[in-house]
Amino acid sequence: MREGHQGTGPGAITPDGCAVELYSRLPVGEEPDIIAAAVPPGARILELGSGVGRMTHPLLERGFTVTAVDESAEMLERVRGARTICGPIEDLDLGERFDVVLLASFLVHAGDAEVRRGLLRTCARHVAEGGHVLIQREGADYHTDLPRERVDPSGFTLRLVSSEPVGEGVNSVRAEYEFPDATWTQTFLARPLTPEQFEEALGEAGLRVDRYLTEDGIWVRAVSA
């Protein structure tokens with residue numbers, strides 16, 4: 001388990017506190033449509049932090065070729081139809097480049113700044129010339145107005161219970177997922193980033209914002225600087 005991370009609930013728990021069974025149940029959402037609209041048809045995608053394939057499978061269905069990377073072998077066992085690679089993202093060096101590198105799930109907000117730098121360097125190292133890096137950021141109010149909850153149409157309740165400062169600009173975040181037959185919790189470290197701090201972090205890795213893909217600024221398309 002990574003320091004500052006914890007998970008509870010049925011089934012295997014990954015080093016960052018994610019429950020494999022929980023992520024196998026979560027609905028897809030609009031992410032694959034956002035990605036598909038931002039990149040060329042049939043692009044080769046390197047998906048960093050794929051988990052169980054919640055976005056991998058819809059992207060494959062849309063005609064993309066996906067290489068799915070995750071540090072959890074239990075997560076990758078659920079992925080079908082994609083090449084899979086198990087290991088820490090920040091250490092990845094495949095010696096090849098991709099049309100699109102995808103860093104979703106707010107991973108850019110890693111509490112450890114060195115991990116964040118490693119993640120973004122991996123993105124820069126693997127994106128082809130003229131290619132794109134797609135990054136999912138936290139929303140502006142992610143760490144405020146807590147606790148709050150959302151009842152998903154598929155039948156579960158997501159609660160963001162708390163976000164407490166633990167020093168050096170890092171918060172400890174606790175989330176709960178309640179289903180009719182099971183409950184999971186996840187505690188993890190996250191570093192809020194203003195747009196200026198986010199763009200500075202990209203610049204350190206040799207990347208720059210091409211454009212913000214959504215009005216809320218959560219999805220960003222970056223390119224080599």
Side-chain angles (χ1 to χ4, degrees), residues 11-12 14 16 18-89 92 94 96-108 119 122-123 125-139 150-158 175 177 179-182 184 186 210-223:
T14 68
D16 59 356
C18 295
V20 175
E21 180 62 33
L22 165 63
Y23 278 81
S24 297
R25 295 186 180 202
L26 293 181
V28 175
E30 63 181 359
E31 291 98 333
D33 292 331
I34 293 172
I35 295 164
V39 303
R44 294 178 65 241
I45 297 177
L46 176 64
E47 184 185 5
L48 302 175
S50 66
V52 297
R54 188 172 61 91
M55 286 190 282
T56 314
H57 299 138
L59 291 172
L60 291 169
E61 291 169 3
R62 287 162 172 77
F64 297 104
T65 300
V66 182
T67 295
V69 179
D70 203 276
E71 67 179 349
S72 167
E74 292 92 344
M75 288 280 196
L76 289 176
E77 286 175 0
R78 308 283 181 112
V79 175
R80 298 289 181 267
R83 171 192 180 194
T84 59
I85 296 173
C86 186
I89 297 168
L92 188 71
L94 298 179
E96 57 185 296
R97 294 180 178 266
F98 297 79
D99 305 316
V100 178
V101 180
L102 177 61
L103 186 69
S105 303
F106 313 123
L107 292 177
V108 73
L119 297 176
T122 293
C123 292
R125 185 162 53 242
H126 291 91
V127 66
E129 183 176 354
H132 299 106
V133 178
L134 300 189
I135 301 172
Q136 187 180 25
R137 301 172 57 241
E138 293 173 347
R150 175 178 64 85
V151 178
D152 191 87
S154 64
F156 73 93
T157 299
L158 166 60
Y177 299 81
F179 286 75
D181 61 337
W184 285 271
Q186 183 180 7
D210 179 40
R211 68 183 177 93
Y212 288 87
L213 300 173
T214 52
E215 289 186 8
D216 56 17
I218 289 177
W219 280 93
V220 185
R221 189 172 72 185
V223 295

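All values derive from a computational prediction rather than experimental measurement.
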Once the angle between the rings of Tyr177 and Phe156 is folded into 0 to 90°, is it parallel (under 30°), tilted (30 to 60°) or perpendicular (over 60°)? tilted
Which one of Val69, Leu102, Val133 satisfies the side-chain contact (heavy atoms from CB on, under 4.5 Å) criterion with Leu46? Val69
Side-chain heavy-atom pair Glu74, Val52 within 4.5 angstrom cut-off: no
Worked verdict on Val100 versus Glu47 for side-chain contact (heavy atoms from CB on, under 4.5 Å): CA-CA 8 Å; Val100 178; Glu47 184 185 5; over 6 Å; no
Could you grab the distance from atom CD1 of Ile218 to atom CD1 of Ile34, nearest 0.5 Å is fine? 8.5 Å
Compare every heavy atom of Gly155 with every heavy atom of Pro180, then report the nearest pair and how far apart it is. CD-O, 3.6 Å
Residues in salt bridge (charged side-chain N to carboxylate O under 4.0 Å, His left out) contact with Glu31, at least two apart in sequence or another chain: Arg54
Report yes if some heavy atom in the side chain of Asp99 is under 4.5 Å from a heavy atom in the side chain of Val39; otherwise report no. no
Taking every heavy atom of Trp219 against every heavy atom of Ala104, the minimum-distance pair comes out as CH2-CB, 3.8 Å
Heavy-atom pair of closest approach, residues Ala19 and Trp184: CB-CD1, 3.2 Å
According to side chain to side chain donor-acceptor pair (under 3.5 Å), who are the partners of Gln136, at least two apart in sequence or on a separate chain? none
Straight-line distance of Arg80 CZ to Leu60 CG, nearest 0.5 Å: 12.0 Å
Checking Arg221 side chain against Leu134 main chain: does a donor-acceptor pair fall under 3.5 Å? no
For a quick test of reading the model, state the closest non-hydrogen atom pair linking Ile89 to Leu107 and the distance between them. CD1-CD1, 3.9 Å
So, do Leu158 and Asp152 sit near enough that their side-chain heavy atoms are less than 4.5 Å apart? no
Do the side chains of Val223 and His132 get nearer than 4.5 Å, heavy atoms only? yes
Ignoring hydrogens and angles, tell me if any N or O in the side chain of His126 forms a donor-acceptor pair with the backbone of Phe98 under 3.5 Å. no
Rounded distance (nearest 0.5 Å) linking atom CG of Leu94 with atom CZ of Arg83: 5.5 Å
What are the two closest heavy atoms between Cys123 and Leu48, and how far apart are they? SG-CD1, 3.8 Å
With a 4.5 Å cut-off on side-chain heavy atoms, are Cys18 and Gln186 touching? yes
Does any non-hydrogen side-chain atom of Val20 lie less than 4.5 Å from one of Thr14? yes
For Glu21, all residues meeting salt bridge (charged side-chain N to carboxylate O under 4.0 Å, His left out), sequence neighbours excluded: Arg25, Arg78
Can you tell me how far OH of Tyr212 sits from CD1 of Ile135, rounded to the nearest 0.5 angstrom? 9.5 Å
Can you see whether Asp216 engages Thr214 through a side-chain donor-acceptor pair at a distance of less than 3.5 angstrom? yes
Contact summary for Gly53 and Pro58, nearest pair of heavy atoms: O-CD, 4.0 Å
Output the distance between atom OG (Ser72) and atom OH (Tyr23), rounded to the nearest 0.5 Å. 11.5 Å
